[in-house]
Amino acid sequence: MKLHEKIFNQRKLKGMSQEELAEKVGVSRQAVSKWETGEALPEITKLKALSDVFGVTTDFLLDDSKDSFTAVPEEKPDATDRVLSYIETLPEKLKPFLKKYGWLGGIVLIVSGLYRMVNIFFSLVVLEEIPGSATGFAAPMILQLLLQSLGGFAIVIAGIVVIKKFKPKK
């Protein structure tokens, strides 16, 4: 099997597009296309990068008599590494969802901010019913609740900003 066939087969085995492979190796998609059709050969440094990406040896890639490959032993990532790598790819995975439904997050923020403000309002009403001399802390508590209601107002404003950023396209 020739080098160009091996590059094509390994890329397909890994489930990568030409663009993905090109990005990982550091070349253009057109370069990968030329490698796969046999119009061009990768540079030596790119051969090493290809072998790393495919998990094969450079010997396998260069030796036309070898049709089966010997995999380069991969280190198995522990659970923490797997979670961290998943988290790193999460924004890319969420982009289509956010473009379509991001405005819903704004509605959630608005509702939670309004809930907080209403809850604080009712706390103030109850606090007004208790004489200040009986509690000894009514004034500081009222001030704290008013400041918390400003936080609720800020959450509502953040919700409006999110809705404007992700408003559905017509």
Side-chain angles (χ1 to χ4, degrees), residues 1-117 119 148 150-170:
M1 187 182 297
K2 302 281 185 201
L3 175 61
H4 66 95
E5 296 169 317
K6 290 179 184 179
I7 293 172
F8 175 80
N9 288 337
Q10 289 298 312
R11 179 178 63 80
K12 288 296 185 180
L13 277 173
K14 294 290 183 182
M16 286 189 274
S17 67
Q18 286 183 341
E19 285 181 5
E20 290 170 326
L21 178 59
E23 186 178 313
K24 289 182 182 200
V25 176
V27 296
S28 67
R29 185 203 56 78
Q30 290 82 359
V32 172
S33 176
K34 287 181 180 182
W35 295 345
E36 289 183 352
T37 58
E39 293 176 42
L41 294 172
E43 298 171 5
I44 291 176
T45 57
K46 301 307 178 191
L47 275 173
K48 175 67 175 129
L50 284 169
S51 71
D52 291 342
V53 169
F54 294 148
V56 298
T57 62
T58 52
D59 286 346
F60 165 73
L61 290 174
L62 293 173
D63 191 348
D64 290 347
S65 66
K66 292 185 180 181
D67 286 340
S68 63
F69 69 92
T70 306
V72 174
E74 289 184 23
E75 291 182 25
K76 298 233 178 197
D78 64 353
T80 306
D81 290 337
R82 286 195 310 267
V83 168
L84 289 175
S85 67
Y86 179 75
I87 289 172
E88 288 172 0
T89 62
L90 203 51
E92 282 300 315
K93 293 177 181 178
L94 286 177
K95 269 185 184 175
F97 178 81
L98 286 176
K99 282 183 179 178
K100 192 169 185 180
Y101 300 110
W103 59 274
L104 286 172
I107 290 176
V108 169
L109 285 172
I110 290 172
V111 169
S112 64
L114 290 174
Y115 173 79
R116 181 178 183 152
M117 289 170 32
N119 194 16
Q148 287 182 2
L150 287 176
F153 183 71
I155 292 171
V156 170
I157 297 299
I160 292 169
V161 168
V162 168
I163 287 176
K164 285 186 178 184
K165 170 120 175 96
F166 294 108
K167 88 175 147 189
K169 308 287 189 259
K170 293 179 182 175

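- Residues F153 and M117 come closest through the heavy atom pair N-SD, 3.3 Å.
- Side-chain contact between M16 and V53 is present, with at least one heavy-atom pair separated by less than 4.5 Å.
- Annotation: the span from I163 atom CD1 to L104 atom CG amounts to 8.5 Å, rounded to 0.5 Å.
- Heavy atoms from other residues, nucleotides or ligands lying under 6.0 Å from CD of Q30 number more than 12.
- Under the salt bridge (charged side-chain N to carboxylate O under 4.0 Å, His left out) criterion, K100 pairs with no residue at all, not counting sequence neighbours.
- Side chain of S112 to main chain of V108: a donor-acceptor pair is present (N/O by atom type, distance under 3.5 Å, no hydrogens or angles).
- With sequence neighbours excluded, no residue forms a salt bridge (charged side-chain N to carboxylate O under 4.0 Å, His left out) with R116.
- Taking CG from L47 and OG1 from T57, the interatomic distance works out to 11.0 Å, rounded to the nearest 0.5 Å.
- Between atom CG of residue L109 and atom CD1 of residue I157 there is a gap of 11.5 Å, rounded to the nearest 0.5 Å.
- Between E36 and H4, the closest heavy-atom pair is O-ND1, 3.2 Å.
- The two residues W103 and F166 have their closest heavy-atom pair at N-CB, 3.4 Å.
- Listed here is the closest heavy atom pair of V25 and A49: CG1-CB, 3.9 Å.
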One pair to check against side-chain contact (heavy atoms from CB on, under 4.5 Å): F54 and K6. What are the steps and the verdict? CA-CA 10 Å; F54 294 148; K6 290 179 184 179; over 6 Å; no
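- A donor atom on one side chain and an acceptor atom on the other are not found under 3.5 Å apart for S17 and E19.
- In this structure the side chain of I7 reaches within 4.5 angstrom of the side chain of P42, judged on heavy atoms.
- Not a single donor-acceptor pair under 3.5 Å links the side chain of N119 to the backbone N or O of Y115.
- Within 6.0 Å of the NZ atom in K34, the count of heavy atoms belonging to other residues, nucleotides or ligands does not exceed 12.
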Stepwise side-chain contact (heavy atoms from CB on, under 4.5 Å) test for L50 and Q10: CA-CA 9 Å; L50 284 169; Q10 289 298 312; over 6 Å; no
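- With contacts defined as side-chain heavy-atom distances shorter than 4.5 Å, the pair L41/L3 qualifies.
- No more than 12 heavy atoms of other residues, nucleotides or ligands sit less than 6.0 Å from atom CD of E43.
- Of all the heavy atoms in G102 and V162, the pair that sits closest is O-CG1, 3.6 Å.
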